[in-house]
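Encoded as structure tokens, the structure appears first; notes follow it.
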2 protein chains.
Amino acid sequence: MKDKAEVACCGPASAQPDLRPVEGADADEELAALAKALGHPARVQILRILVRRNACVCGDIVDELPLAQSTVSQHLKILKDAGIIRGDVDGPRVCYCIEPRALRRLKALVGAL
Amino acid sequence: MKDKAEVACCGPASAQPDLRPVEGADADEELAALAKALGHPARVQILRILVRRNACVCGDIVDELPLAQSTVSQHLKILKDAGIIRGDVDGPRVCYCIEPRALRRLKALVGAL
DNA sequence: ATCCTTCATCGTGATTCGACGATAGGTGGC
DNA sequence: GCCACCTATCGTCGAATCACGATGAAGGAT
């Protein structure tokens, strides 16, 4: 049952648009925080993995990266703290998936540059 | 003659599209490097200043930020090393402006997420 | 030539990051 | 209960970041 993880653990993308401004001091801080979370190749790679398998994978990420499990877990925490991904516990494993809202927000902020 | 700086020191945006791929290992590194450069509020602010005055300002940036001159210079160097901005010497002062190519590239990479 | 302005660089200290191994916490199977 | 598996967290180390003041280099102005 290796395909089980393809069932998304995270609900469908909430389609409501972001209303917050895309510039100003708060937006600067927000963009900087999001960019900082993306400011490492491993984290970009993790994000790409989660986008590719639109469903959420858990520790398969560790197998795809040349990093120790603890290091990957740390990167996942950074992405989660930034609000870019979400991690839902699914039995003994944890199911990570991207947070579409945050990704849209990032695109909006970068697009406003 | 305070309005002199409004004349752009940098040529008009080269309109040729970017041909490089927006995913893959190289793209991951590239996006991470660009994001890392943006991963600080002061640098986002600097970028916004340079976009607002589409012409290039030099040390006026120091006046707009609550940071020491050396600190601002350091942030400018980071942005310049990342290829996001350019600095042309204009007499005793240096004229910074955004590098439209890099900005477009960033938007393409983020958009591909 | 001498000063003054402008910016970059150096050196420093405090903080954070990135990576790892080791360890602890849950969960399911036996 | 006990054991195996998957994650998270802790502790640690070296390296990088961030901020600053001080110093240096280069170009006008007088």
Side-chain angles (χ1 to χ4, degrees), chain A residues 1-2 4-5 9-10 28-29 31-47 49-50 53 55-82 84-97, chain B residues 1-2 4-5 9-10 28-29 31-47 49-50 53 55-82 84-97:
Chain A
M1 223 214 262
K2 302 178 66 177
K4 194 197 87 184
C9 64
C10 2
D28 288 354
E29 296 270 356
L31 175 52
L34 289 172
K36 188 173 185 179
L38 276 186
H40 194 288
R43 289 194 291 266
V44 174
Q45 226 168 326
I46 289 174
L47 217 56
I49 292 173
L50 291 179
R53 333 185 172 191
C56 351
V57 272
C58 33
D60 300 349
I61 301 169
V62 177
D63 298 333
E64 294 215 33
L65 298 182
L67 294 171
Q69 178 265 326
S70 59
T71 305
V72 172
S73 188
Q74 196 170 281
H75 284 305
L76 286 168
K77 176 174 171 52
I78 292 173
L79 287 171
K80 193 166 61 177
D81 288 347
I84 300 178
I85 66 175
R86 193 152 52 105
D88 293 337
V89 177
D90 172 30
R93 64 196 81 211
V94 177
C95 183
Y96 282 100
C97 53
Chain B
M1 220 213 263
K2 303 178 65 176
K4 194 197 88 190
C9 63
C10 2
D28 287 355
E29 297 270 356
L31 175 52
L34 289 172
K36 189 173 184 178
L38 276 186
H40 193 287
R43 290 194 292 265
V44 174
Q45 227 169 325
I46 289 174
L47 217 56
I49 292 172
L50 291 179
R53 334 185 170 191
C56 351
V57 272
C58 34
D60 300 350
I61 302 168
V62 176
D63 298 333
E64 293 215 33
L65 297 182
L67 294 172
Q69 178 265 325
S70 59
T71 305
V72 173
S73 188
Q74 195 172 282
H75 284 306
L76 286 168
K77 178 174 171 50
I78 291 173
L79 287 171
K80 192 166 60 176
D81 288 347
I84 300 179
I85 67 175
R86 193 152 51 104
D88 293 338
V89 177
D90 172 30
R93 63 196 80 212
V94 178
C95 183
Y96 283 101
C97 52

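All chains are named by letter (A, B, ...) in the order of the sequence lines, taking the proteins before the strands, and each is independently numbered beginning at 1.
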What pairs with B/Ala82 under side chain to side chain contact (heavy atoms under 4.5 Å, CB included), at least two apart in sequence or on another chain? B/Ala37, B/Ile84
Test item: B/Ile61 and B/Leu50 side chains (from C-beta on) under 4.5 Å apart, heavy atoms: yes
May I have the list of side-chain donor-acceptor pairs in residues 63-74 of chain A shorter than 3.5 Å, sequence neighbours left out?
residue : atom : partner : partner atom : Å
A/Glu64 : OE2  : A/Arg53 : NH2          : 2.7

Using a cut-off of 4.0 Å between protein heavy atoms and nucleotide atoms, how would you tag nucleotides 4-9 of chain D 5' to 3' with B, S and -? --SBBB
Check the distance between D/dT17's P and B/Leu38's CG and give it to me in whole angstrom. 15 Å
Proximal nucleotide (of D/dT17, D/dC20, D/dA19) relative to the B/His75 side chain: D/dA19
Among residues at least two apart in sequence or on other chains, which ones pass side chain to side chain contact (heavy atoms under 4.5 Å, CB included) with A/Lys77? A/Asp81
Which nucleotide span of DNA chain C, 5' end to 3' end, has atoms closer than 4.0 Å to non-hydrogen atoms of chain A? C/dC17 to C/dG28
At what angle, to 10 degrees, do the two end axes of the helix from C/dA1-D/dT30 to C/dC30-D/dG1 meet, given five pairs define each axis? 10°
Can you name the side-chain hydrogen bond (donor to acceptor under 3.5 Å, both in side chains) partners of A/His75, sequence neighbours left out? A/Arg43
Work out which heavy atom in A/Lys80 is nearest to a heavy atom in A/Gly87; give both atom names and the distance. CD-N, 4.1 Å
What distance separates B/Ile46 CD1 from B/Leu76 CG, expressed to the nearest 0.5 Å? 4.5 Å
Between A/Leu38 and B/Leu38, is any pair of side-chain heavy atoms under 4.5 Å apart? no
For A/Val89 and for A/Ile78, find the nucleotide of DNA chain C with the closest heavy atom, then tell me which residue's nucleotide is more 5'. A/Ile78
